[in-house]
Amino acid sequence: MSTVPLVVVAAVTVFLAAIVGGRWFLVNELLIDRLINATLSWDLAAIVLYEIASVLGMRDLGERLFLGVGAMTLAYAYGFARLLDGMDAETLRSRQRRYNRVGAATGAVILLGPALVDLLGWPLGTPAAQNRVIWTAGSFVAISCGALIARACVRELRTPDPTPRERWAYFALLAFGLYCCFASGVGALRIIAGMRTIEPGLPWAVTTFVMLAVVTALIAIPLLSAVLVRSGFDRDGRACRRLRPLWRDLTAAVPEIVLLPDDSHRGEPMSRLYRMTVEIQDALMHLRPYEPASSDEPGMDAYARRIAHAVRAKTSGMPPRARDGIHTAAPELIRADDRTTGLRDLLRLAKEWSKQGVGVTG
């Protein structure tokens with residue numbers, strides 16, 4: 001790891017820290033998301049501690065800190081791999097606590113091992129020899145994680161269910177899983193050959209950073225989606241913003257059509273958009289008796305003016321017209337049989353509604 005220039009490590013670490021922090025805040029609802037976030041958090045902590053110790057000239061201490069904290073990284077990574085491979089979520093929740101206990105105990109032994117050896121006088125070899133044993137054991141855990149991830153990806157790619165975007169994600173995860181197997185296997189052989197464990201050389205360092213970029217891109221996708229949803233810049237959020245002036249005026253005129261609040265989907269743009277379209281369509285139906293007499297003027301702009309007239313008529317207390325005088329051209333302009341087409345029609349109406357002289361309230 002020290003083969004890579006410090007400025008590059010620092011830049012990548014800060015970037016990853018920003019993504020992990022964002023994921024803890026915005027992408028943390030599902031078990032698999034929490035496992036990913038925990039894995040990356042412990043991994044970042046291990047990297048930061050190693051680099052700090054290296055900068056201070058304590059390379060051996062840095063390696064031990066990296067291994068001790070990295071034990072928790074492997075504990076959460078193994079849980080993620082098992083869940084991705086198909087383990088039941090409830091089963092994994094109970095087993096993850098066991099994995100965490102093993103990781104915490106292993107990390108404590110790694111960090112406190114030299115002090116205990118000196119205190120008790122146990123002949124467990126030099127610190128370098130101990131580190132080689134720890135690295136070898138960690139490599140086998142990493143190989144098992146990579147194998148589980150790769151197997152899960154191959155299984156999913158053999159089914160027709162994934163979308164094209166999901167297939168790309170599975171291919172990237174498959175490459176990462178195979179890399180974990182290959183790199184960890186080669187690392188174990190290097191350890192057995194007596195090579196320094198923490199410095200793999202420039203080619204391996206470059207490959208590691210390439211795979212890190214792939215993983216970063218994968219974990220950033222749901223974070224970007226969450227940011228877009230929170231900011232209202234996703235597709236459903238944009239549609240809600242465009243419909244809001246129309247929805248606000250119509251529901252103010254016909255408040256009885258407003259649906260009861262559903263806290264189970266609070267803040268979800270898709271649910272909010274569906275409620276808005278249903279309420280707008282119901283309001284348009286209720287306002288039809290208040291529209292002016294039939295007009296030959298076609299188009300959505302004319303229909304928007306008719307609805308604005310109906311809103312003013314109802315809010316001013318005017319009586320509705322007789323049933324035989326109700327205008328019937330609305331279904332041709334606002335089609336409710338297909339949600340996609342109906343939403344497109346409502347967006348056209350909202351565009352006309354926002355034009356000067358059509359809106360009713362401020």
Side-chain angles (χ1 to χ4, degrees), residues 16 19-20 23 27-47 66-67 69-107 134-163 165-191 200 204 207-208 210-222:
L16 277 177
I19 291 178
V20 173
R23 282 185 59 94
V27 189
N28 195 37
E29 294 182 359
L30 302 178
L31 175 60
I32 195 167
D33 290 323
R34 291 193 292 271
L35 291 172
I36 293 173
N37 296 345
T39 301
L40 294 171
S41 298
W42 284 104
D43 194 36
L44 279 172
I47 294 173
F66 182 84
L67 290 170
V69 177
M72 290 302 298
T73 303
L74 289 176
Y76 280 103
Y78 187 72
F80 163 75
R82 293 301 301 268
L83 184 62
L84 189 67
D85 192 45
M87 178 177 285
D88 178 71
E90 290 301 322
T91 303
L92 181 63
R93 281 190 179 91
S94 62
R95 291 195 180 183
Q96 187 61 48
R97 289 190 287 269
R98 191 186 312 163
Y99 302 155
N100 292 348
R101 286 194 294 268
V102 172
T106 303
I134 296 168
W135 271 103
T136 304
S139 296
F140 284 116
V141 176
I143 290 171
S144 64
C145 290
L148 289 171
I149 292 172
R151 185 173 68 177
C153 292
V154 170
R155 184 177 62 246
E156 292 297 328
L157 288 170
R158 294 177 64 181
T159 66
D161 299 331
T163 63
R165 188 172 69 174
E166 290 172 340
R167 286 187 175 277
W168 280 109
Y170 280 126
F171 275 122
L173 266 180
L174 175 61
F176 176 72
L178 294 176
Y179 167 78
C180 286
C181 294
F182 182 72
S184 299
V186 172
L189 293 176
R190 287 167 54 88
I191 295 168
W204 277 109
T207 305
T208 300
V210 169
M211 295 310 303
L212 183 60
V214 172
V215 174
T216 303
L218 286 177
I219 66 172
I221 291 172

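Residues: numbered from 1 along the sequence shown. Just so we're clear, the structure is a prediction, and the values are computed from it rather than from any experiment.
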Could you grab the distance from atom [atom1] of [X] to atom [atom2] of [Y], nearest 0.5 Å is fine?
| X | Y | atom1 | atom2 | value |
| --- | --- | --- | --- | --- |
| Leu92 | Asp85 | CG | CG | 11.0 Å |
| Cys181 | Phe176 | SG | CZ | 10.0 Å |
| Arg155 | Tyr170 | CZ | OH | 8.5 Å |
| Ile47 | Leu16 | CD1 | CG | 7.0 Å |
| Leu84 | Leu148 | CG | CG | 9.0 Å |
| Thr163 | Arg167 | OG1 | CZ | 9.0 Å |

Review point. Do any pairs count as a salt bridge (charged side-chain N to carboxylate O under 4.0 Å, His left out) and have a residue in residues 91-105, sequence neighbours left out, and if so which ones?
Key: Glu90-Arg93
Using atom types as modelled and distance alone, determine if a side-chain donor or acceptor of [X] lies under 3.5 Å from a backbone N or O of [Y].
| X | Y | value |
| --- | --- | --- |
| Arg23 | Asn28 | no |
| Ser94 | Thr91 | yes |
| Gln96 | Ala75 | yes |

Shortest non-hydrogen contact from [X] toward [Y]:
| X | Y | result |
| --- | --- | --- |
| Gly103 | Ala71 | O-CB, 3.5 Å |
| Thr39 | Leu35 | OG1-O, 2.8 Å |
| Leu31 | Ala89 | CD2-O, 3.8 Å |
| Ala81 | Cys145 | CB-O, 3.7 Å |
| Leu178 | Ala150 | CD2-CB, 4.1 Å |

Check your understanding: Can you find a pair of side-chain heavy atoms, one from Ile149 and one from Phe80, that are under 4.5 Å apart?
Key -> yes
**Study point:** Criterion side-chain contact (heavy atoms from CB on, under 4.5 Å) on Phe66 and Thr73, from CA distance to verdict
**Key:** CA-CA 10 Å; Phe66 182 84; Thr73 303; over 6 Å; no
Exercise for review: If a pair satisfies side-chain hydrogen bond (donor to acceptor under 3.5 Å, both in side chains) and one of its residues is in residues 138-149, list it, with sequence neighbours excluded.
Suggested key: none
Check your understanding: With sequence neighbours left out, what residues match Arg82 under side-chain hydrogen bond (donor to acceptor under 3.5 Å, both in side chains)?
Key -> Tyr78
**Study point:** Worked verdict on Asn100 versus Tyr76 for side-chain contact (heavy atoms from CB on, under 4.5 Å)
**Key:** CA-CA 7 Å; Asn100 292 348; Tyr76 280 103; 3.3 Å; yes
